[in-house]
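Reviewing the structure listed below.
The model shown is predicted, which means the values in this text are computed figures rather than measured ones.
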Amino acid sequence: MPEGHTLHRYAAALRADLAGQPVRASSPQGRFAAEAGTLDGAVLERAEAYGKNLLLEFSAGGTVHVHLGLRGLFLRYDDPAAEPRKGTRLHLVGDRAAYDLIAPMTCALLEPGAVARLLATLGPDPLRPEADGEEAVRRLRAHPRSVGAALLDQSVLAGVGNVYRAEVLYRHRVDPRAPARDVPAATYAAMWEDLRGLMARGVRVGSILTVDEAPDDTPPEQARYVYKQPACRGCGGPVRTWTLDGRDCYACDREQLAD
DNA sequence: CTAGTATGGACAA
DNA sequence: TGTCCCTACTAGC
């Protein structure tokens, strides 16, 4: 679940339910107990996503950095008094809802300087309105390895994960193995604009849908061209799969791969 | 029911 | 490269 669109979705939900009010914070699981204690009762000033990172800024002066990793998730309860699930790393309660943060890779309290350092490691996020597409193109072209590797590098683009990678490369008929510097700037510019639209749809719908003609209620696995597809949804031909840096890569054998 | 897998990434070795 | 995040979903017994 957690590519960038998921984090932006959570940020919007947390903002809507908790921002601007005192928030009760606790850590039933214990690993964030000391930090939660210092935040308990502080006002949530901001909830923002930057790529796959979520930042919760509290009036007490601290910012909680959440990275879900592969398996992390938030649960939302309509009832603020709902009992947190066992193992909840961070439990947040506002006046109209409560949230559990489960199994995040990272949940840490950051000083302002550390927040700035974190953000400095990230490339442009297609889901942030102020993001600079030209900078994204520059970083993509400057990447020393393949375009497939470049797209997953969060210092190049923030928020793109394995599904969006596979799908955007297909949509632009780019071979994931191509050296990043060999892909035309115009292609990167088009991919950037495409990602903005695709990922915004992901935020709206709550899942990654990349086939334009598929209605928003199509099951996700049926609204993708190549990611985990037995056959290319575009041409019906075979999808080739291999491993790149420990992640599965998918590409249409006919339309994307020259050899 | 259990096992395998994965839309991430940091860290140890 | 292997391992850890008190996960969810799916395929297969």
Give the table of side-chain donor-acceptor pairs shorter than 3.5 Å for residues 65-72 of chain A, with sequence neighbours excluded, one pair per line with atom names and distance.
unit_1  : atom_1 : unit_2  : atom_2 : d
A:His65 : NE2    : A:Asn53 : OD1    : 2.8
A:His67 : ND1    : A:Gly69 : N      : 3.0

Result block: side-chain N/O donor-acceptor pairs under 3.5 angstrom for residues 185-192 of chain A, not counting sequence neighbours:
unit_1   : atom_1 : unit_2   : atom_2 : d
A:Tyr188 : OH     : A:Ala180 : O      : 2.7

List the atom pairs, donor and acceptor, that lie under 3.5 Å between side-chain atoms in residues 145-155 of chain A and the rest of the protein, sequence neighbours left out.
unit_1   : atom_1 : unit_2   : atom_2 : d
A:Arg145 : NH1    : A:Asp245 : OD2    : 3.2
A:Arg145 : NH2    : A:Asp245 : OD1    : 3.0
A:Arg145 : NH2    : A:Asp245 : OD2    : 3.0
A:Ser146 : OG     : A:Ala149 : N      : 3.1
A:Asp153 : OD1    : A:Ser155 : N      : 2.9
A:Asp153 : OD1    : A:Ser155 : OG     : 2.7
A:Asp153 : OD2    : A:His143 : NE2    : 3.4
A:Gln154 : OE1    : A:Gly159 : N      : 2.8
A:Gln154 : NE2    : A:Leu152 : O      : 3.2
A:Gln154 : NE2    : A:Val160 : O      : 3.0

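Shown here are the side-chain hydrogen bond (donor to acceptor under 3.5 Å, both in side chains) partners of A:Tyr77, two or more places apart in sequence or in another chain: A:Asp100. The salt bridge (charged side-chain N to carboxylate O under 4.0 Å, His left out) search around A:Asp212 returns A:Arg171, not counting sequence neighbours. Take A:Glu130 and apply the side-chain hydrogen bond (donor to acceptor under 3.5 Å, both in side chains) test, not counting sequence neighbours, and it matches A:Arg128. Residues passing the salt bridge (charged side-chain N to carboxylate O under 4.0 Å, His left out) test with A:Asp216, sequence neighbours excluded: A:Arg201, A:Arg204.
Non-hydrogen atoms lying under 4.0 Å from DNA chain B are contributed by A:Tyr227, A:Lys228, all within residues 217-229 of chain A. Within residues 152-174 of chain A, the residues that have a heavy atom under 4.0 Å from DNA chain B are, in order of number, A:Gln154, A:Gly161, A:Asn162, A:Val163. Within a heavy-atom distance below 4.0 Å of DNA chain B, no residue of residues 114-124 of chain A is found. Within a heavy-atom distance below 4.0 Å of DNA chain C, the residues of residues 24-37 of chain A found are A:Gln29, A:Arg31.
Listed by first and then second residue, the side chain to side chain donor-acceptor pair (under 3.5 Å) pairs involving residues 101-123 of chain A amount to none (not counting sequence neighbours).
A salt bridge links A:Asp78 with A:Arg76; the closest basic N to acidic carboxylate O contact falls under 4.0 Å.
Here the side chain of A:Pro104 is nearest to one of B:dT7, C:dA8, C:dC6, namely C:dC6.
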